[in-house]
Trainee: 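I have a structure I would like to understand better, so I am pasting it below and will then ask my questions one at a time.
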Amino acid sequence: MVKVSWSILKLLRESPELLREHVKKRFIDPSIVDRAYELDVKWRRKLTEVQELRHKHNVISREVAKLTGVEREVKLEEAKKLLEELNKVEEELKFIEEEREKALLSLPNIVHESVPIGPDDSYNVPIRFWGKPKVWIGFIEQFKNQTEKYGFKVDYEVIEWKPIGHADFLESVLRLGNTLKAGEVAGSRFYYLFDDIVFLDMALLMYAIDYLVKKGYRLVLPPYMLRYKIMMGVIDFAAFQDAIYKIEGEDLYLIATAEHSLAALHAFEDIPEEDLPLKYVGISPCFRKEAGAGSKDLKGIFRVHQFHKVEQYVFAKPEESWDIMEELISNAEELFRGLELPYRIVNIASGDLGAPAAKKYDLEVWMPAQGLFREMVSCSNTTDWQSYRLKIRLIRKRGMVREYVHTLNSTAIASTRTITAILENFQNPDGTVTIPRVLRKYLEVFDKAPKDFIHPYKKETIKS
RNA sequence: GCCGGGGUGCCCGAGCGGUCUAAGGGGCCGGCCUUGAGAGCCGGUGGGGAUUACCCCGCGCGGGUUCAAAUCCCGCCCCCGGCGCCA
């Protein structure tokens, strides 16, 4: 019987120094490890003390049942006295236990050896490029800074005209979005989208679903709200504050991604190893406060409070999770190659990983109007960080060992972001937008949807 | 939302204040037996702590009453049935 099967707790007890190193790699104060270690030791000591007292009390209680008369009265007194002491020690234990729990839950995942070390996203390392980016003549230098600087020779197409940024293009040229009105009625980072853009949104989602279902991923429409207990299991405290909306007066939180609901799908379950891996593709709206974003990307629909996303989520055996991570990112890559959007894959630096992830890849698409690669997809192996919190265990066929499964998540397509990428990459000098060919079959189901181009606004074409 | 019934271990299912620490069955794992399989027999099959042949906790969740709670009381969650409401 394995005593401790959560990798973090095992590490904390067996080699706290090593765990400290992992935390340091994230540029987080490693004293949280010391604190967790001390509280764990303290807790175990206090627990032993309580258990010994409980044992004594149980023995006396059992004796009481067999006795009568004076003997019984004497034993009763003894039991009551012991209870007083027990209550006191139990209270101490309860306090320590809560502190220990908090300390354990504050620990981030370990950092995989292949993760680049650095405090922030400037240490992220591009590992491969795909496609032929359209680079406006004025952005050539900064393009090279994002490619050649890392030793990659990326073929690109120089364009003389500067594409219009997705936000202005959407609202002024196409006139298919209205963030001002949305701002008035709901607040900034909300939007109204119209007509062709709505069809595009739906086509993108169908495209991603279709692709992944064909690969054997099970299609899921999950809950859009979850209880505190579940949210606590899938995100860390920082994400709770910056990303999550709460429903007033109820124990419910709006999901920030289907990842949350999909992780919860097997919460508190034991999964036999022969059932793994379990691969899911979820589709849902995502609600995010974007509290930490400041005034970043305030215009347009790049960074918003709600959007649609198709998400990949896998429950896996520990020995196969790293291979599956490669599968998930390559699925996302195939989707973006289908869309003909030039991208790079970035290995996220240790300081930029979220607490749940041991390793993370982002897929960043080249945005011709910004001259930047921007994040479209995020793919993480969270190993047993989420499964420990949600108590999702693995049952091996041989032997009685209990372990926690590994969980992984990756974007397939996030609708609004992908739309911004399409608007910038397929924008033509005449103001039309070429629609990626791969979406055509999903647009054909709507008679009124555009098939090849989205056209700019013309006064005369608008009917009441 | 209201009224009624119910939630017991991997599954079925008894127990409804104390004959110790959930009976009995099924499944699964390990062992014995066997040429092999089956049957049969034995042991194991929730979480945790430790001075590692010991102990604590666990009967939907959280409190309470009691020396003692699966069992009694209160709150919450979920499931089934009925009524109401509703896209």
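Below, chains carry the letters A, B, ... as their sequence lines are ordered, and counting in each starts from 1.
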Trainee: Answer with base, sugar-phosphate or nothing: what part of the nucleic acid does Arg45(A) contact at a heavy-atom distance below 4.0 Å?
Mentor: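 Touches nothing.
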
Trainee: Asp270(A) has an atom CG; how far is it from atom P of rG9(B), in whole Å?
Mentor: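 Those two atoms, CG and P, are 12 Å apart.
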
Trainee: Ring centres of Tyr228(A) and Phe240(A) under 6.0 Å apart?
Mentor: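 Yes, they do, as the ring centres are separated by less than 6.0 Å.
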
Trainee: Paired with rG40(B): which nucleotide, if any, by Watson-Crick or G-U wobble criteria at under 3.5 Å for both distances?
Mentor: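 Its partner is rC32(B).
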
Trainee: Considering Watson-Crick and G-U wobble pairs with both distances under 3.5 Å, what does rG1(B) pair with?
Mentor: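 Pairing partner: rC83(B).
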
Trainee: Counting Watson-Crick and G-U wobble pairs only, both distances under 3.5 Å, name the nucleotide matched with rU52(B), or none.
Mentor: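 Looking at the geometry, rU52(B) pairs with no nucleotide.
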
Trainee: Answer yes or no: does a side-chain N or O of Arg227(A) lie under 4.0 Å from OP1 or OP2 of rC76(B)?
Mentor: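 Answer no for this pair, as no side-chain N or O of Arg227(A) is under 4.0 Å from OP1 or OP2.
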
Trainee: What nucleotide among rC56(B), rG18(B), rC67(B) has an atom nearest to a side-chain atom of Ala65(A)?
Mentor: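 Shortest atom-to-atom distance from the side chain points to rG18(B).
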
Trainee: Rounded to the nearest 0.5 Å, how far does CD of Glu326(A) lie from CG of Leu408(A)?
Mentor: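 Interatomic distance, Leu408(A) CG to Glu326(A) CD, rounded to 0.5 Å: 10.5 Å.
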
Trainee: Report the distance from atom CG of Leu86(A) to atom P of rC57(B), rounded to the nearest whole Å.
Mentor: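 Taking atom P of rC57(B) as the reference, CG of Leu86(A) is at 9 Å.
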
Trainee: What's the base orientation of rU51(B): syn (chi within 90° of 0) or anti?
Mentor: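 Glycosidic conformation of rU51(B): syn.
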
Trainee: Taking atom C1' in both rU66(B) and rC73(B), compute the distance separating them and give it to the nearest angstrom.
Mentor: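 Their C1' atoms lie roughly 12 Å apart.
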
Trainee: Any base atoms under 4.0 Å from Arg54(A), or only sugar-phosphate, or nothing? Heavy atoms, all strands.
Mentor: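 Counting heavy atoms under 4.0 Å across all strands, the contact made by Arg54(A) is with sugar-phosphate only.
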
Trainee: Check every strand shown and say whether Ile60(A) touches a base, only sugar-phosphate, or nothing at a heavy-atom separation below 4.0 Å.
Mentor: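 Counting heavy atoms under 4.0 Å across all strands, no contact is made by Ile60(A).
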
Trainee: Which label fits His166(A) and Phe302(A): parallel for a plane angle under 30°, tilted from 30 to 60°, or perpendicular past 60°?
Mentor: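 Aromatic pair His166(A)/Phe302(A) classed tilted.
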
Trainee: Distance check, P atoms only: rA22(B) and rG75(B), in whole angstrom units.
Mentor: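 Nearest-Å result for rA22(B) against rG75(B) at atom P: 30 Å.
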
Trainee: Output the rounded distance in Å from CG (Leu9(A)) to C1' (rG47(B)).
Mentor: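 Checked: the CG to C1' distance equals 13 Å.
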
Trainee: Round to a whole Å and report the spacing from NZ of Lys81(A) to P of rA68(B).
Mentor: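 So the two atoms are 17 Å apart, to the nearest Å.
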
Trainee: Quick check for you: among rG46(B), rC67(B), rG49(B), whose closest atom lies nearest to any side-chain atom of Leu47(A)?
Mentor: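 Selected nucleotide (nearest to the side chain): rG49(B).
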
Trainee: Report the base-pairing partner of rG24(B) (Watson-Crick or G-U wobble, both distances below 3.5 angstrom), or none.
Mentor: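 Paired with rC12(B).
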
Trainee: Looking only at the side chain of Leu83(A) (C-beta and beyond, no hydrogens), which of the listed nucleotides rC56(B), rC67(B), rG46(B) gets closest?
Mentor: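 Shortest atom-to-atom distance from the side chain points to rC67(B).
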
Trainee: Tell me which nucleotide among rC67(B), rG46(B), rC56(B) gets nearest to the side chain of Lys80(A).
Mentor: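 It is rC67(B).
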
Trainee: Figure out the NE2/P separation between His266(A) and rC10(B), and round it to whole Å.
Mentor: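 These atoms are roughly 17 Å apart.
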
Trainee: Counting the atoms with a prime plus P, OP1 and OP2 as sugar-phosphate, which does Glu52(A) contact under 4.0 Å by heavy atoms, base, sugar-phosphate, or nothing?
Mentor: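 Glu52(A): base contact, heavy atoms under 4.0 Å.
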
Trainee: Taking the P atom of each, how far is rA53(B) from rC67(B), in whole Å?
Mentor: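 That atom pair is separated by 36 Å.
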
Trainee: Please tell me which of the listed nucleotides, rC78(B), rG49(B), rC67(B), lies nearest to the side chain of Ala79(A)?
Mentor: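 Closest of the options to the side chain of Ala79(A): rC67(B).
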
Trainee: Give one of base, sugar-phosphate or nothing for Arg72(A), where a contact means two heavy atoms less than 4.0 Å apart.
Mentor: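 It contacts base atoms.
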
Trainee: Provide, to the nearest angstrom, the distance between the CG atom belonging to Leu76(A) and the P atom belonging to rA68(B).
Mentor: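 Taking atom P of rA68(B) as the reference, CG of Leu76(A) is at 10 Å.
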
Trainee: Provide, to the nearest angstrom, the distance between the CD atom belonging to Glu274(A) and the P atom belonging to rC10(B).
Mentor: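 Taking atom P of rC10(B) as the reference, CD of Glu274(A) is at 16 Å.
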
Trainee: Which of these, Leu252(A), Asp251(A), Leu226(A), Leu254(A), sits in a side chain to side chain contact (heavy atoms under 4.5 Å, CB included) with Met231(A)?
Mentor: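 Of the listed options, the one satisfying the test is Leu226(A).
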
Trainee: Measuring only between side-chain heavy atoms, which start at C-beta, is Trp385(A) closer than 4.5 Å to Asp236(A)?
Mentor: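 Yes. Closest side-chain heavy atoms under 4.5 Å.
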
Trainee: Is the shortest side-chain N/O distance from Arg44(A) to OP1 or OP2 of rG48(B) below 4.0 Å?
Mentor: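 False: Arg44(A) side-chain N/O out of range (4.0 Å or more) of rG48(B) OP1/OP2.
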
Trainee: Please report whether the ring centroid of Tyr192(A) lies less than 6.0 Å from that of Phe190(A).
Mentor: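 Phe190(A) vs Tyr192(A): aromatic centres not under 6.0 Å.
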
Trainee: Tell me the interatomic distance from Lys46(A), atom NZ, to rC56(B), atom P, rounded to whole angstroms.
Mentor: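 Value for this atom pair: 19 Å.
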
Trainee: For Asn58(A), answer base if it contacts any base atom (sugar-phosphate contacts may also be present), sugar-phosphate if it contacts only those atoms, and nothing otherwise; contact means non-hydrogen atoms under 4.0 Å.
Mentor: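 Since only primed, P, OP1 and OP2 atoms lie under 4.0 Å of Asn58(A), the category is sugar-phosphate.
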
Trainee: Select one nucleotide: of rG49(B), rG46(B), rC78(B), the one nearest the side-chain heavy atoms of Trp43(A).
Mentor: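 Of all the options, the side chain of Trp43(A) is nearest to rG49(B).
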
Trainee: Taking a pair as Watson-Crick or G-U wobble with both distances under 3.5 Å, which nucleotide is matched to rC72(B)?
Mentor: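 Because both required distances fall under 3.5 Å, rC72(B) counts as paired with rG64(B).
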
Trainee: Test salt bridge (charged side-chain N to carboxylate O under 4.0 Å, His left out) on Glu97(A) and Lys94(A) and set out the steps.
Mentor: CA-CA 5 Å; Glu97(A) 202 161 46; Lys94(A) 199 178 160 191; over 6 Å; no

